[in-house]
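Just so it is clear, the structure is predicted and the values come from calculations on it, not from any experiment. In each ligand, atom 1 is the first atom listed, and ligand 1 is the first ligand listed. Heavy atoms only: backbone and side chains are in, while hydrogens, waters and symmetry mates are out.
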Amino acid sequence: MRLLITGAGGQLGHDVVSSAGAAGDEVVGADHAALDATDRDAVLGAVTALRPDAVINCAAWTAVDACEGDPGRAYLANALAVRWIAEACDRVGAHLVHVSTDYVFDGTLDRPYREWDVVGPRSVYGASKLAGEQEAAAMGTSAAIVRTSWVCGEHGSNMVATVLRMAPDLDGQVGALAFVDDQRGHPTFTADLAPVLRRLALDRRSGVHHVTNQGAVSWYEFIAEVLRAAGHDPAMVRPISTSELDPPRPAPRPANSVLDNAVLRAAGLPLPRDFRQPLAELVARLRR
Ligand SMILES: NC(=O)c1ccc[n+]([C@@H]2O[C@H](COP(=O)([O-])OP(=O)(O)OC[C@H]3O[C@@H](n4cnc5c(N)ncnc54)[C@H](OP(=O)(O)O)[C@@H]3O)[C@@H](O)[C@H]2O)c1
């Protein structure tokens, strides 16, 4: 399979490139500098020159709080760019696998979100990502939309990397870190997500898929697991509520971010593992 990966410099894009390369695909990874997805001419030029079998779009403006202050930039990168990519894919018959987010939901549901549940983003970032989904969905059966959550990888800034960096200086200090206990989700590791994106491209699957590692936790519980995996005392983290965050964050987060991987399960595709396994592997890699 010949693949074009947009946003290849990001934490997910990096691992999609390496995972597809390891699977024997012909992979072109384009980072932001190589291909600005908001530049329609550049996107059409790159895709029609390469004529890939599929494009996996990992490009996005992911600065959730900054998006609140610059909706124009958020919609350009997270929605209109998807229109250009979809248009280019259409010209060459390439399948599109587009990556989206749990933030399209408002987080008030009392059970895990299925692919067909009603969306209702609470932030500019979430709304711009939902608009991107709509752009991809306009391609009909030529596009898959993959919603994921709480993404962590070796090549990016994420909570695992941050906690590993801070923990040695805080060892022995009970409750030195404070994380919210009233937002729950599925931590997801790029090493596990990347091969699923490739598989969806290979199968030319369409429609919305929730793809996350399994095991729902609050941020507080997740950070305790990170500390445990790295051999630190989990009591180093204490639970707080979102209302205690000081200063409050500009963009509201969904309280319930748990994505049920209902389509994968119903389609008989394997679900990504419990998050504790790839977490242990990532901790080992980051400490090398
Ligand atoms: N991180 C999470 O917790 C999370 C959760 C749910 C869903 N997601 C989704 O997962 C996908 C991958 O996210 P990630 O965690 O890998 O984020 P990331 O590390 O921020 O990667 C996104 C990449 O897109 C690039 N990019 C931004 N604007 C671009 C443009 N106009 N053209 C081309 N590239 C552009 C960025 O480059 P620059 O930095 O150079 O601008 C960055 O390398 C995104 O769709 C995101 O919405 C992420």
Checklist entry - With respect to atom 20 (O) of ligand 1, which of Thr38, Leu35, Thr62 exhibits the smallest heavy-atom separation? => result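 Among Thr38, Leu35, Thr62, the closest heavy atom to atom 20 (O) of ligand 1 comes from Thr62.
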
Checklist entry - Given Ala60, Ala33, Gly10, which has its nearest heavy atom closest to atom 24 (O) of ligand 1? => result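 Looking at heavy atoms only, Ala60 sits closest to atom 24 (O) of ligand 1.
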
Item to check | Proximal ligand 1 atoms for Val99, defined as those under 4.0 Å from one of its heavy atoms | outcome: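 Once the distances to Val99 are compared, the set is 9 (C), 10 (O), 11 (C), 45 (O).
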
Answer with side chain, backbone, both or neither: which part of [X] has a heavy atom less than 4.0 angstrom from an atom of ligand 1?
X      : answer
Arg147 : neither
Ser100 : backbone
Cys58  : backbone
Trp84  : neither

Closest non-hydrogen protein atom to [atom], residue and atom name please, with distance?
atom                    : result
atom 31 (N) of ligand 1 : Asp36 OD1, 2.9 Å
atom 16 (O) of ligand 1 : Leu12 N, 2.9 Å
atom 14 (P) of ligand 1 : Gln11 CG, 3.8 Å
atom 48 (C) of ligand 1 : Val151 CG2, 3.7 Å

Polar atom proximity, [X] to ligand 1 (N or O, under 3.5 Å):
X      : result
Tyr125 : yes
Ala77  : no
Ala59  : no
His32  : yes

Next on the checklist: Among His210, Arg147, Glu133, which residue satisfies the side-chain hydrogen bond (donor to acceptor under 3.5 Å, both in side chains) criterion with Ser100?
Outcome noted: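 Only match with Ser100 under side-chain hydrogen bond (donor to acceptor under 3.5 Å, both in side chains): Glu133.
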
Checklist entry - Is there a heavy atom in Ala81 that sits closer than 4.0 Å to ligand 1? => result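 The answer is no, since Ala81 has no heavy atom less than 4.0 Å from ligand 1.
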
Next on the checklist: Any heavy atom of Tyr103 closer to ligand 1 than 4.0 angstrom?
Outcome noted: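 Per 4.0 Å heavy-atom rule, Tyr103 does not contact ligand 1.
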
Item to check | Distance flag, aromatic centroids of Phe222 and Phe179, threshold under 6.0 Å | outcome: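 That pair fails the under 6.0 Å test.
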
Next on the checklist: Hydrogens and angles aside, do Thr242 and Gln183 bring a side-chain donor and acceptor to less than 3.5 Å of each other?
Outcome noted: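 Yes.
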
Checklist entry - For Arg253, which of Asp106, Asp182, Asp65 qualifies under salt bridge (charged side-chain N to carboxylate O under 4.0 Å, His left out)? => result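 Testing each of Asp106, Asp182, Asp65 against Arg253, the sole residue satisfying salt bridge (charged side-chain N to carboxylate O under 4.0 Å, His left out) is Asp65.
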
